[in-house]
Amino acid sequence: MPRIRTVKPEFWEDELLGVMPRDARLLFIATFNMADDEGILRWTPAYIKAQAFMYDDDLGPKEVDRLMRCLTDTGLVFPYVGGVARQQMAVVVNFRKHQRINRPQKSKLVPPSTGAWQVREMYARRDGWVCQLCGGEIPRRLVANDDHNLWIDHVRPVAAGGTDHPSNVRAVHRVCGRSRGVADGEEGFIPPAGLAGIEDSLNESVNRSLSDPVNESHTPSNLDAPTDTDGEFSSMNHSLTEGKGREGNREGKGTPPTPRQTSGRPTVEQTGERPLPDRMTDRFLECYARGNSYRRRQVRTTIADALANETNPDELWSALEQLGETSKPVTANTLQFAFSKIRQAATGADVIPFAARQQQGSDDLFDRAMARANARMDQESS
């Protein structure tokens with residue numbers, strides 16, 4: 001594992017990773033070193049055992065396989081079978097968000113084929129279901145207007161030597177991808193006229209998602225297409241073919257679901273006019289944009305991710321108000337802290353407010369701490 005990688009401080013605060021076994025978290029960090037500059041690595045228990053747990057006699061291939069499943073079930077790592085040798089490999093989905101590669105080297109490993117709908121959905125999740133050309137939201141379910149459905153665009157066109165490697169692939173609207181292909185460039189990209197009515201398509205996608213049966217996890221989504229043989233999935237890690245970990249936003253955006261509340265009405269209701277994330281974003285920027293450097297795209301993506309994880313709109317708005325009043329950035333991590341404060345206030349977990357503690361004199365706090373320490377010493381000596 002010759003590559004030097006970094007781990008961001010936010011890694012330890014991620015609640016999605018926090019509920020995993022410690023060895024699974026260690027394995028996820030190890031994938032940064034094992035992966036090449038495209039985020040691709042070999043994905044077999046024997047190889048992972050030899051690279052990441054070479055000195056751990058208590059971990060055999062079966063135990064390592066279970067740790068690997070923790071990462072694939074949550075969508076952090078995407079397994080596939082590719083190449084003429086039919087090797088089992090995987091992609092660290094948000095690799096380029098974790099790592100900044102100064103002088104990237106070409107990958108020698110075969111990337112997953114974009115002909116498979118599971119692969120296209122993986123890239124859509126990686127890009128937050130946001131078109132990387134026009135910046136608009138991409139419907140998560142197939143809609144009647146095919147121009148608005150998901151399309152995989154190559155930064156460097158295949159005709160010009162581009163590949164299917166993750167750094168050269170991005171999620172866009174079908175009409176945007178075709179327009180960019182005609183223009184043969186992306187500088188000064190002008191959203192095409194075919195995007196008209198995208199709000200209706202997004203509402204249609206949301207309505208279809210809500211009407212899906214709860215136990216029907218593998219409902220055909222925006223990417224229904226025959227699975228390409230090069231994009232076949234490992235039978236050893238088959239959770240992605242079952243639809244697990246698909247639509248929740250993962251890794252770095254894993255805002256946890258908050259308890260639903262049936263009483264009261266949401267601050268911003270879903271009326272069928274415009275998508276709820278759009279109207280919540282507009283309201284937030286109207287209240288707190290002045291004097292702050294909020295970006296609409298970032299705010300909207302965070303709100304949409306939280307709602308997709310079944311966050312209650314009332315609690316989400318309360319968390320957004322806390323962030324706006326304190327001029328904090330709107331990200332998945334800051335939302336988690338805001339939700340934590342809301343839960344503490346609701347459960348009374350912190351009897352003495354932090355502000356009240358700050359109002360106490362420092363000398364008084366010091367005297368109390370010394371008194372407690374002396375009392376403990378007296379008890380131990382007796």
Side-chain angles (χ1 to χ4, degrees), residues 16 73-76 78 93-94 112 114 116-153 169-177 191 194-195 197-225 227 231 239-257 270 272-281 297-313 316 332:
L16 178 64
D73 287 349
T74 53
L76 298 176
F78 183 85
V93 178
N94 286 302
T114 56
W117 69 262
Q118 294 97 330
V119 176
R120 299 199 296 274
E121 184 184 60
M122 180 266 290
Y123 286 126
R125 289 192 293 110
R126 180 199 68 179
D127 294 338
W129 292 94
V130 173
C131 176
Q132 300 303 295
L133 288 175
C134 73
E137 183 179 0
I138 301 174
R140 305 193 183 200
R141 289 286 187 272
L142 283 171
V143 295
N145 190 341
D146 194 47
D147 284 342
H148 299 161
N149 287 321
L150 175 67
W151 179 274
I152 292 299
D153 178 59
V169 174
R170 57 188 174 186
V172 299
H173 293 113
R174 181 179 293 268
V175 66
C176 292
L195 282 177
I198 185 65
E199 292 84 2
D200 295 334
S201 294
L202 292 172
N203 284 331
E204 177 187 348
S205 175
V206 171
N207 292 334
R208 289 193 61 185
S209 299
L210 294 176
S211 63
D212 286 342
V214 175
N215 59 350
E216 190 177 351
S217 60
H218 187 56
T219 304
S221 71
N222 201 338
L223 326 164
D224 201 9
T227 302
S239 60
L240 289 174
T241 63
E242 296 176 351
K244 297 179 182 178
R246 286 173 50 192
E247 293 217 353
N249 196 358
R250 307 295 183 189
E251 188 181 352
K253 297 182 180 179
T255 307
Q270 178 71 37
E273 301 169 356
R274 298 181 62 209
L276 182 58
D278 285 334
R279 286 180 285 115
M280 292 188 77
T281 301
R297 178 176 172 181
Q298 172 67 30
V299 174
R300 192 206 179 283
T301 300
T302 305
I303 293 175
D305 292 338
L307 293 174
N309 285 339
E310 299 183 355
T311 303
N312 182 275
L316 175 58

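We use all heavy atoms of the structure for the numbers below, so side chains are in, but hydrogens, waters and symmetry mates are not. Because the structure is a prediction, the values reported are computed rather than measured.
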Where do [X] and [Y] come nearest, in terms of heavy atoms and distance?
{"X": "Arg174", "Y": "Trp151", "result": "NH1-CZ3, 2.9 Å"}
{"X": "Gly194", "Y": "Val175", "result": "CA-CG2, 4.0 Å"}
{"X": "Thr311", "Y": "Ala306", "result": "OG1-O, 2.7 Å"}
{"X": "Ala308", "Y": "Arg140", "result": "CB-NH1, 3.8 Å"}
{"X": "Glu137", "Y": "His173", "result": "O-NE2, 2.8 Å"}
{"X": "Ile303", "Y": "Pro277", "result": "CG2-CA, 4.0 Å"}

Quick one: pull up [atom1] in [X] and [atom2] in [Y] and give me the separation to the nearest 0.5 Å.
{"X": "Arg125", "Y": "Arg120", "atom1": "CZ", "atom2": "CZ", "answer": "14.0 Å"}
{"X": "Thr281", "Y": "Arg297", "atom1": "OG1", "atom2": "CZ", "answer": "13.0 Å"}
{"X": "Gln132", "Y": "Ile152", "atom1": "CD", "atom2": "CD1", "answer": "10.0 Å"}
{"X": "Cys131", "Y": "Ile198", "atom1": "SG", "atom2": "CD1", "answer": "9.0 Å"}
{"X": "Arg141", "Y": "Leu202", "atom1": "CZ", "atom2": "CG", "answer": "13.5 Å"}
{"X": "Asp153", "Y": "Thr114", "atom1": "CG", "atom2": "OG1", "answer": "10.5 Å"}

Query raised in the report: Who passes side-chain contact (heavy atoms from CB on, under 4.5 Å) against Ala171, sequence neighbours left out?
Result: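 In terms of side-chain contact (heavy atoms from CB on, under 4.5 Å), with neighbours along the sequence ignored, Ala171 is linked to Ala124, Asp127, Ile138, Leu150.
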**Report entry** Side chain to side chain, Pro275 and Val206, heavy atoms closer than 4.5 Å
**Finding:** no
Report task. For residues Asp305 and Trp129, determine if any side-chain heavy atom of one lies less than 4.5 Å from a side-chain heavy atom of the other. Result ->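 No, their side chains stay 4.5 Å or more apart.
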Query - Derivation of the side-chain contact (heavy atoms from CB on, under 4.5 Å) call for Asp200 and Asn145 - result: CA-CA 10 Å; Asp200 295 334; Asn145 190 341; over 6 Å; no
Query - Partner residues of Ser201 under the side chain to side chain donor-acceptor pair (under 3.5 Å) criterion, sequence neighbours left out - result: His148
Query raised in the report: Looking only at side chains, do Asn149 and Asp146 share a donor and an acceptor under 3.5 Å apart?
Result: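 A donor-acceptor contact under 3.5 Å links the two side chains.
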Query - Sidechain-backbone polar pair: Arg126 side chain, Asn94 backbone, donor-acceptor under 3.5 Å - result: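 A pair under 3.5 Å: no.
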